[in-house]
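Here's the structure we're looking at; comments come further down.
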Amino acid sequence: MHLADVIRLRTVPQAGLLMALTQRCPLSCAHCSTDSSPTAPQHSADPLRRLVSTFTAAAHPELIFMSGGEPLLRPDLVAELATAARAAGTRSALLSGMFFARRSMPAAIRRAVSTLDHFSASLDVFHEREVARSDALRALAAVLDLVPAVSLHVTSSDEEYLAEVLAQVRRRFGDRVPVLVARVRPTGRATSFVADPTEVVDPGPCEFANWPLVDYDGTVYACSRQSLVRRHRPGHLVLGHAARDSWAALSAAAQAQPVLRSVRALGALETARRSGAPACDGVCQTCVALPADAAVPERVADLSRQLVGGLRPQQLARRWGAGEHSGLVELGWVR
Ligand code: SF4
């Protein structure tokens with residue numbers, strides 16, 4: 001499953017399910033959006049197993065996307081969830097910080113990686129302080145032999161760094177490894193050195209409210225800005241819990257909530273304007289302050305698909321901050 005196909009699915013409500021397998025990570029990257037560390041708490045995996053067991057041939061997401069912390073700290077769980085999901089028709093992807101690249105790949109990680117349809121690796125100056133780039137790229141070459149599709153997520157606002165690393169990746173892998181370039185955002189540990197933008201630009205429909213997210217403790221949110229929704233738990237962004245709700249029920253809840261539908265279709269700022277709710281300093285700040293019973297326009301359910309669903313993957317990547325590097329998400333893509 002190519003990176004471009006993963007990105008295209010991001011515009012489709014409930015086409016994917018994000019699963020945060022653990023907050024633990026052996027690395028301590030300075031920009032970590034989830035504030036992960038080697039000693040962070042790790043919850044029972046039972047709610048995750050249970051939720052995937054509710055996938056059926058008729059009701060399942062197209063894709064589960066596993067992250068953390070570092071999901072490959074639980075390699076047996078990765079393999080178990082990917083295998084169970086596949087039985088219902090769901091494919092699987094994972095994002096890793098490549099901690100295992102410092103040594104030869106452990107057998108359990110090799111087994112887990114082999115069950116995936118897509119493997120993404122993070123690479124940036126912060127990860128490079130923890131894992132040498134040469135080690136990460138060498139391990140990625142080994143992963144390419146195990147998984148049908150691989151990609152890199154490179155997070156940087158430094159064009160000089162991007163030019164150098166992207167050229168190196170192209171020299172080594174050609175078109176086999178597409179790249180999603182992103183900017184460091186003021187979330188998690190990065191809030192200590194990245195400021196919120198001073199000017200609030202309305203991005204319109206929010207595609208980050210399309211895929212539910214299972215947080216470490218099993219709470220299922222409608223938004224993938226994990227640290228933010230966990231802190232505020234606004235009514236329209238809490239869908240349920242993996243320990244008690246089925247995929248069909250969570251999916252129905254995500255379709256039924258009028259404020260959530262409006263955020264997906266029109267965006268948080270327009271939803272606040274139309275419902276008379278106050279606008280706050282930022283887009284997401286306005287969103288989490290929306291009352292769950294705000295009076296929002298009718299018939300907005302599928303608008304977001306019309307507005308952003310027709311965009312090419314590289315247009316979506318540009319919308320998310322990839323700039324002139326947005327075309328790299330389609331490297332080697334056969335439509
Ligand atoms: S606008 Fe709302 S749903 Fe979208 S990312 Fe921000 S908090 Fe999440």
Side-chain angles (χ1 to χ4, degrees), residues 7 9-20 33-35 61 65 67 95 153 155 180 182-188 190-191 194-216 219-240 250-251 253-275 277-297 300-305 307-309 311 316-322:
I7 289 175
L9 276 185
R10 205 71 178 86
T11 65
V12 182
Q14 292 86 60
L17 174 66
L18 301 158
M19 306 185 90
S33 64
T34 52
D35 215 357
F65 197 107
S67 67
L95 177 64
H153 286 201
T155 306
L180 177 62
R183 312 293 162 175
V184 185
R185 298 195 184 283
T187 178
T191 48
V194 180
D196 274 318
T198 46
E199 192 189 346
V200 178
V201 179
D202 187 351
C206 180
E207 54 268 46
F208 301 107
N210 279 334
W211 292 5
L213 161 78
V214 190
D215 202 7
Y216 312 119
T219 305
V220 183
Y221 296 106
C223 163
S224 51
R225 284 204 63 185
Q226 196 172 352
S227 314
L228 184 84
V229 283
R230 186 191 308 132
R231 192 162 64 249
H232 296 279
R233 297 179 65 89
H236 62 292
L237 297 182
V238 181
L239 295 176
L250 293 166
S251 194
Q255 270 306 115
Q257 221 297 344
V259 178
L260 173 59
R261 291 207 320 259
S262 182
V263 169
R264 276 201 302 260
L266 304 172
L269 298 185
E270 187 61 21
T271 299
R273 262 194 297 274
R274 294 197 188 194
S275 65
C280 303
D281 278 345
V283 176
C284 292
Q285 287 77 2
T286 298
C287 184
V288 297
L290 285 167
D293 60 353
V296 296
V300 293
D302 291 321
L303 264 178
S304 63
R305 292 197 66 175
L307 293 173
V308 293
L311 297 181
L316 288 161
R318 184 174 287 277
R319 183 172 151 77
W320 300 338

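Start at 1 and go down the list; that is how both ligands and their atoms are numbered. Atom set for the values below is all heavy atoms of this structure, side chains included, hydrogens, waters and symmetry mates excluded. Computed from a predicted model, the values in this text were never measured in an experiment. Note that the numbering runs from 1 along the sequence shown for the chain.
The protein heavy atom nearest to atom 4 (Fe) of ligand 1 is C206 SG, 2.3 Å. Here the protein heavy atom with the shortest distance to atom 8 (Fe) of ligand 1 is C223 SG, 2.3 Å. Atom 6 (Fe) of ligand 1 has its closest protein heavy atom at C284 SG, 2.3 Å.
Contact check on R273 versus D202 returns a salt bridge, with a Lys/Arg side-chain nitrogen under 4.0 Å from an Asp/Glu carboxylate oxygen.
A donor-acceptor contact shorter than 3.5 Å links the side chain of H236 to the backbone of C287. Judged purely by atom type and a 3.5 angstrom limit, Q257 uses its side chain to pair as donor or acceptor with the backbone of A292. One N or O on the side chain of T286 and one on the backbone of C280 form a donor-acceptor pair closer than 3.5 Å.
Distance check, rounded to the nearest 0.5 Å: CG of L237 to CZ of R230 gives 14.0 Å.
Atoms of ligand 1 found under 4.0 Å from any heavy atom of A209, numbered from 1 in the order shown, are 3 (S). Those atoms of ligand 1 with a heavy atom of L228 less than 4.0 angstrom away are 7 (S).
For C287, every N, O or S atom stays at 2.8 Å or more from atom 6 (Fe) of ligand 1.
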